[in-house]
Amino acid sequence: MKTTLRKMESKAIDGEALREAAAIIREGGLVAFPTETVYGLGADALRPDAAKKIYEAKGRPSDNPLIVHVCEFGELAAIAKALPPEAELLAEAFWPGPLTMVVWKNDRVPYATTGGMDTVAVRMPDHPVALALIRESGCLIAAPSANTSGKPSPTEAAHVALDLDGKIPLILDGGAVGIGIESTILDLTEETPMILRPGYITKEMIEEVLQKEVRVDPGIIGDSADRKPKAPGMKYRHYAPKADLMLVEGEEAAVIQKINELAAEKRRDGRKAGVIATDETKGRYEADYVVSIGARTDEDAIARHLYKILREFDELEVDVIYSESFATPRIGGAIMNRLMKAAGHRILTVE
Ligand code: AMP
Ligand code: MG
């Protein structure tokens, strides 16, 4: 299959490309498109044959459910069995935006979309191209991240092309995404809402809107090999770069010294070492490649650059990557959740 890439300015949407994309979705085909979090691989969420194509193109395990993207709140009500009162409050506060809500599904949603589950995950993306595509197609759009399963999520159209060229007919190129990590997933099917995946919308932000306590799925805290995460996708080792990745945390000077020691050791063995540093520390490392993720004080930039850097290291063919830890104040939990998985939970604490 030939894959076409079409530029899509957010401010001046190309009507012809949009209609072409919408037609593909309506016919049960696949289109990759930008959202504010990462690029999504979209298909008609209410057609089992269309949803199946997503799993095939990504090589995604069929028990890993898809998030359904809507452009109006009423579309959530139309596919939910019963809508908890929290849903409306949260949508008012955070939609369109990076919050996915899990609710009980009704019969309109096929099991092919929900990976066999009786619940469905829904969000309204905050991106003009994504919203226009949903509206123009007249469909609800199931869309996981537009990468090959196990690779870092795509934050640019070029990443999508690398993974899915020849497997899908169309990629809408809306430039680099704004947030760079996937949405927060909140389960509303139990008495106490529970975060199944951390993201840009934090526990504190949700608690403030709901005026009640929110839990975090115990299955995603720490190296929880003994507990099963409630979001099926969270059990997989996502975001895995080709090289071995190790995180080093602790006081800045000690971290730099340790990483330099480890990198020197690897290089003596004839292996290539890379370092993920910050603007502040970049000049103090010695390795084959030293890349800054951004300023340590700018956590949004750290989130935005994370997957791109992991992909860059894949291209550079390093054998090992050492990274500083980014447990920043607000979204550090979400960033570290991705980074810890990419590292297979290898983290070294230095004094
Ligand atoms: P992705 O779209 O690639 O970010 O993956 C979607 C994530 O949402 C995966 O971790 C899924 O397991 C999770 N998810 C989707 N639907 C549900 C659901 N009904 N219940 C729990 N988790 C879900
Ligand atoms: Mg994904």
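Just follow the structure's listing: the first ligand is 1, and inside any ligand the first atom is 1. Since this is a predicted model, take the numbers as computed values, not measurements.
When the heavy atoms of M234, K230, R197 are ranked by distance to atom 4 (O) of ligand 1, first place goes to R197. Relative to atom 2 (O) of ligand 1, the option among S149, P144, P229, G116 with the closest non-hydrogen atom is P144.
Heavy-atom proximity to I185, at under 4.0 Å, picks out these atoms of ligand 1: 7 (C), 8 (O), 13 (C). Within ligand 1, counting atoms from 1 as listed, the ones closer than 4.0 Å to a heavy atom of A121 are 15 (C), 16 (N), 17 (C), 19 (N). Of all atoms in ligand 1, numbered sequentially from 1 with element shown, those under 4.0 Å from a heavy atom of P232 are 12 (O), 21 (C), 22 (N). Heavy-atom contacts of T119 reach the following atoms of ligand 1: 18 (C), 19 (N), 20 (N) (cutoff under 4.0 Å).
By the salt bridge (Lys or Arg N to Asp or Glu O under 4.0 Å) test, R304 pairs with no residue at all, sequence neighbours left out.
A donor-acceptor contact under 3.5 angstrom links the side chains of E249 and T349, judged on distance only. With no hydrogens or angles considered, a side-chain donor-acceptor pair links Y307 and E182 at under 3.5 Å. A donor-acceptor pair shorter than 3.5 Å can be found between the side chains of T100 and S183. A donor atom on one side chain and an acceptor atom on the other are not found under 3.5 Å apart for Y55 and N64. Side chain to side chain, T37 and R123 meet the donor-acceptor criterion of an N or O pair below 3.5 Å.
Enclosure of atom NZ in K212 by more than 12 non-hydrogen atoms of other residues, nucleotides or ligands within 6.0 angstrom is indicated.
At least one heavy atom of I67 sits closer than 4.0 Å to an atom of ligand 1. For the ligand labelled ligand 1, residue R60 lies inside the 4.0 Å heavy-atom shell.
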Could you give me the CA-CA distance, side-chain angles and deciding distance for E324 and T278, then say whether side chain to side chain contact (heavy atoms under 4.5 Å, CB included) is met?
CA-CA 8 Å; E324 295 179 13; T278 54; 3.5 Å; yes
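In terms of polar-atom proximity, defined here as any N/O pair under 3.5 Å, G233 does make such a contact with ligand 1. Between E182 and ligand 1, not a single N/O pair is under 3.5 Å apart.
Counting backbone and side-chain atoms alike, S145 contributes an N/O/S atom closer than 2.8 Å to the Mg ion (ligand 2).
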